*Asks:* 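Let me give you the structure first, and then I'll get to my questions.
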Amino acid sequence: MITNKTLKLSLKSLRDFAKKKLPDETLRELDERDECPLDIVHHMCSPDQLGIQLLFVPEDCGGFGGGAFDVYLVCEEMARIDLGVATSVLATFLGSDPITVGATPEQKKHWLSRIAQEGILFAYGATEPEAGSDLGALKTTADPVRQDGRVAGYKINGNKQWISNGGIADAYTVLANTPGGPSWFVVEKGAKGFTHDEPEDKHGIRLSNTAALAFSDVYVDADRLIGGVEGQGLNQAQAVFGYTRLMVAAFGLGAGWAALDRAIPYSTKRIQAGAPLSEIQGYSHKLIVPHVARLEAARAYIEETAERIDAGNEGSLNTEGAIAKYMATEAGNMAADASIQALGGYGYTHEYMVEKIKRDVRITTIYEGTSEIMEMTISRDRWQMHLKTRGQHYHQQAKKFEELHARHANVGADSAALALHALAEVMEKARIGRLTRFQHILLRLGELIAYAESAGSLARRAALLAENKLNEKAHRRFDAAALATLSRIFAREAALKVAEDGLRWVVGAGGVNDAEIAGFEATLGLLAIHRAQAGLIQDQDLIADVLYGRVAKREIAA
Ligand SMILES: Cc1cc2nc3c(=O)[nH]c(=O)nc-3n(C[C@H](O)[C@H](O)[C@H](O)COP(=O)(O)OP(=O)(O)OC[C@H]3O[C@@H](n4cnc5c(N)ncnc54)[C@H](O)[C@@H]3O)c2cc1C
């Protein structure tokens, strides 16, 4: 259990360390040289130095036993510094996850204590040349080696692709097929028959080491089979997706904000047509404000999911992890791209860093499950809810936001309700027309679900902040009035997106005919959603004022 004070101290140490050891110039040079700064990674993971890894190791194994909320905040902070270095640290989180969820008590004690006490680095070896999104296609094998009639060990053969820390880790968790099914094994560096390739020459996160692994008759003792029972591998991987995807979501959030936090001050100094760019509405309301709203909606979803994971009674929250990852990483990419535009020609050069951030953040929609796989995960799960509740799930959710709106008229809960009602109608039309037989429709529903649910999260958090009831660790960049304004901006966008895109896909897939379209538009509440856009420009003005310090005391230091 980590107190708020300890957490804030850790975040501050991380920032101070980065300021000293990883200034922009160093980051640019390492990026240029395509070099993983191993000394920095070790420093961050060593118990007698920064010791970031101690945060997530359980207390009985020598760590601090941090929860999902702590890990989210640390991941966001690391991503603000450099996503490549953050990925190196994350690889140990990921690599040790199969151990945390599936290992025997002895295995846990052994490996997690080594992470805490020795600062050893892990890598997570799931992906293969022919098994990426579809991990079930994995070909790496682990064949039992028998002695005196019992399994004494396993021989591992196969290849792994794109493994973070692949060339620098001390230990690897490796997914391989056993006679009982896919299973995780721990393989140590230097094991006979185990090799790794040269690091990949990547588009971004060039400070992280990514390498292919090869296993040729690599022998491991039977106690290296995580959990001691074959065939648990995919379940163990599934069990932590809610948590691990939340970490990558925090990466998207941190990188997106890192880019905006360069674009915002830049635009106060850059004078064009006689005024700073920051004072030009067509600039701030396109390149800055909508991205802030999307990132904060994603943050709201991350924070709610982290709180639920830490409460510990709702299972693995895979779908929520997928929504958080999808929204935050897509928003992070859009924010970084807009930040290049915001800096014009300067943004397009290496020197101003937003170009590097944009290349770096690109990975977040690919690793730990691509955005398309997230859409599928989200849609499949919520589709079942739609069916089980006979189409009422999102209508019921919408009613809760109507109630919230009655208590807090300014947190965007009315627009969130419109988004959720529209979503329920789109899904019902999809059911009647059997439209999910088109895979594209299923995935597009995933996107609309993610937008509508995130609008709800942000409205709820804005209301909690107004009531002064937010978790004390919650990130506080904006005060209650500003967060409510961001929520109104995002909820309007979500409602419009759900209704208009939903209409497009239902009509596009033949779910309604010509004569039925007007009626469907009415059930979607399109008119109300269009009306709800009233006040949007004023709200954007207010957020621009907050971001540029034109509203006294609106902004509270993070
Ligand atoms: C820098 C980097 C670091 C990484 N680190 C690790 C690591 O540490 N450990 C590890 O195990 N893996 C790691 N990965 C692998 C990463 O998780 C995979 O790249 C990712 O899961 C996608 O797999 P793939 O590359 O084989 O793409 P594919 O699965 O071939 O997908 C290609 C495209 O097709 C889409 N697609 C695939 N299936 C479907 C579908 N059913 N419906 C719709 N669209 C679909 C995908 O969304 C994607 O856009 C890393 C990758 C990179 C690039």
Side-chain angles (χ1 to χ4, degrees), residues 31 34 36 41 79 82-98 121-140 158-169 171-176 182 184-187 196-215 233-234 236-238 240-241 244-245 247-248 251-252 255 321-322 325-326 329-330 333 359-380 436-447:
D31 178 69
D34 199 7
C36 171
V41 176
D82 179 84
L83 210 42
V85 171
T87 297
S88 275
V89 178
L90 175 82
T92 295
F93 286 27
L94 290 183
S96 59
D97 270 335
L121 301 182
F122 260 80
Y124 177 81
T127 306
E128 299 191 355
E130 287 162 60
S133 300
D134 177 15
L135 263 189
L138 92 152
K139 292 205 173 112
T140 298
N159 295 284
K160 295 288 170 185
Q161 186 75 18
W162 317 123
I163 305 305
S164 302
N165 286 357
I168 61 170
Y172 298 72
T173 36
V174 176
L175 190 64
W184 288 100
F185 291 87
V186 183
V187 177
H196 61 78
D197 277 358
E198 287 299 303
E200 303 286 350
D201 181 3
K202 304 190 294 294
H203 172 67
I205 56 166
R206 289 164 69 85
L207 276 72
S208 129
N209 174 292
T210 315
L213 313 177
F215 301 85
L234 294 183
Q236 288 163 352
Q238 283 281 338
V240 289
F241 270 151
T244 57
R245 287 177 174 160
M247 299 179 200
V248 181
F251 279 5
K325 178 179 190 288
Y326 181 68
T329 61
E330 291 288 336
N333 268 275
R359 280 187 288 112
D360 288 348
V361 72
R362 194 67 193 78
I363 191 60
T364 60
T365 61
I366 298 174
Y367 65 15
E368 266 306 280
T370 65
S371 279
E372 294 68 39
I373 298 304
M374 295 306 96
E375 288 168 352
M376 187 154 39
T377 305
I378 297 162
S379 195
R380 278 186 178 156
T436 54
R437 68 186 187 279
F438 301 111
Q439 197 233 12
H440 184 50
I441 300 293
L442 186 72
L443 268 60
R444 300 289 28 92
L445 284 178
E447 180 187 21

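Counting starts at 1 for both ligands and their atoms, in listed order. We number each residue from 1, following the sequence as shown. What you see below is based on every heavy atom in this structure, not just the backbone, and it leaves out hydrogens, waters and symmetry mates. Not measured: the values here are computed from a predicted model.
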*Asks:* The test is side chain to side chain donor-acceptor pair (under 3.5 Å); show your working for Thr365 and Arg362 and say whether it passes.
*Replies:* CA-CA 6 Å; Thr365 61; Arg362 194 67 193 78; 2.6 Å; yes
*Asks:* For atom 20 (C) of ligand 1, what is the nearest protein heavy atom, given as residue, atom name and distance?
*Replies:*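 Result: Ile366 O, 3.6 Å.
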*Asks:* Applying a heavy-atom cut-off of 4.0 Å, say which part of Lys202 lies close to ligand 1: side chain, backbone, both or neither.
*Replies:*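 The part of Lys202 near ligand 1 is the side chain, not the backbone.
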*Asks:* Can you tell me if Glu130 has a non-hydrogen atom under 4.0 Å from ligand 1?
*Replies:*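 It does not, in that no heavy atom of Glu130 comes within the 4.0 Å cut-off of ligand 1.
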*Asks:* Can you pull out the closest protein heavy atom to atom 28 (P) of ligand 1? Residue, atom name and distance to 0.1 Å, please.
*Replies:*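 Answer for atom 28 (P) of ligand 1: Ser133 OG, 3.8 Å.
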*Asks:* Which residue holds the protein heavy atom closest to atom 12 (N) of ligand 1, what is that atom called, and what is the gap in Å?
*Replies:*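 Atom 12 (N) of ligand 1 sits closest to the protein heavy atom Thr127 OG1, 2.6 Å.
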*Asks:* Has Thr92 got a side-chain atom pairing as donor or acceptor with Phe122's backbone, closer than 3.5 angstrom?
*Replies:*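 Here the side-chain-to-backbone pair exists.
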*Asks:* Check for a donor-acceptor pair, side chain of Asp97 on one end and backbone N or O of Val240 on the other, with a separation under 3.5 Å.
*Replies:*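 Between the backbone of Val240 and the side chain of Asp97 there is no qualifying donor-acceptor contact (under 3.5 Å).
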*Asks:* Going from CG on Leu83 to CD1 on Ile363, what distance comes out if it is rounded to the nearest 0.5 angstrom?
*Replies:*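 Nearest 0.5 Å value for the CG-CD1 distance: 8.5 Å.
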*Asks:* Out of Tyr172, Trp162, Tyr124, whose heavy atom is nearest to atom 9 (N) of ligand 1?
*Replies:*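 Of the listed residues, Tyr124 has the closest heavy atom.
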*Asks:* Provide the closest heavy-atom pair for Leu175 versus Ala126 in the form atom of the first, atom of the second, distance.
*Replies:*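 Scanning both residues, the minimum pair turns out to be CB-CA, 4.4 Å.
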*Asks:* Backbone N or O of Ile163 within a donor-acceptor pair of the Thr210 side chain at under 3.5 Å?
*Replies:*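 A pair under 3.5 Å: no.
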*Asks:* Which protein non-hydrogen atom lies closest to atom 39 (C) of ligand 1, naming both residue and atom, and how far is it?
*Replies:*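 I find the closest protein heavy atom is Ile373 CD1, 3.9 Å.
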*Asks:* So, Tyr172 versus Trp184, ring centres under 6.0 angstrom or not?
*Replies:*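 Not under 6.0 Å, so no.
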*Asks:* If you measure from each non-hydrogen atom of Gln439 to ligand 1, which part falls under 4.0 Å: side chain, backbone, both or neither?
*Replies:*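 Under 4.0 Å from ligand 1, Gln439 contributes side-chain atoms alone.
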*Asks:* To which protein heavy atom is atom 41 (N) of ligand 1 closest, and what is the distance rounded to 0.1 Å?
*Replies:*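 Here the nearest protein heavy atom works out to Met376 CE, 3.5 Å.
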*Asks:* Donor-acceptor pair, Arg206 side chain versus Asp31 backbone, under 3.5 Å?
*Replies:*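 Such a contact is found between Arg206 side chain and Asp31 backbone.
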*Asks:* To which of Thr365, Thr87, Thr370, Ile363 does the heavy atom nearest atom 53 (C) of ligand 1 belong?
*Replies:*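 Looking at heavy atoms only, the winner is Ile363.
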*Asks:* Donor-acceptor pair, Asn165 side chain versus Ile168 backbone, under 3.5 Å?
*Replies:*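 Flag not set: sc Asn165 to bb Ile168 has no pair under 3.5 Å.
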*Asks:* Among protein heavy atoms, which lies nearest atom 49 (O) of ligand 1, and at what distance?
*Replies:*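 Protein heavy atom with the smallest distance to atom 49 (O) of ligand 1: Glu372 OE1, 3.3 Å.
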*Asks:* I'd like to check which ligand 1 atoms, numbered from 1 as shown, lie under 4.0 Å from a non-hydrogen atom of Glu368.
*Replies:*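 Going through ligand 1 atom by atom, the ones under 4.0 Å from Glu368 are 17 (O).
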*Asks:* Treating Glu200 as the side-chain partner and Trp162 as the backbone partner, does any N or O pair qualify as donor plus acceptor under 3.5 Å?
*Replies:*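 No.
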*Asks:* Tell me: protein heavy atom nearest atom 8 (O) of ligand 1, and distance?
*Replies:*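 Scanning the protein heavy atoms, the shortest distance from atom 8 (O) of ligand 1 goes to Ser164 N, 3.0 Å.
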*Asks:* Side chain or backbone of Ile205 under 4.0 Å from ligand 1, or both, or neither, by non-hydrogen atoms?
*Replies:*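 Side chain only.
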*Asks:* Measure from atom 35 (C) of ligand 1 to the protein's non-hydrogen atoms and state whether any distance is below 4.0 Å.
*Replies:*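 Flag for atom 35 (C) of ligand 1 set to false, no protein heavy atom closer than 4.0 Å.
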*Asks:* For atom 23 (O) of ligand 1, state which one of Ala137, Ala169, Gly132 supplies the nearest heavy atom.
*Replies:*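 The nearest heavy atom belongs to Gly132.
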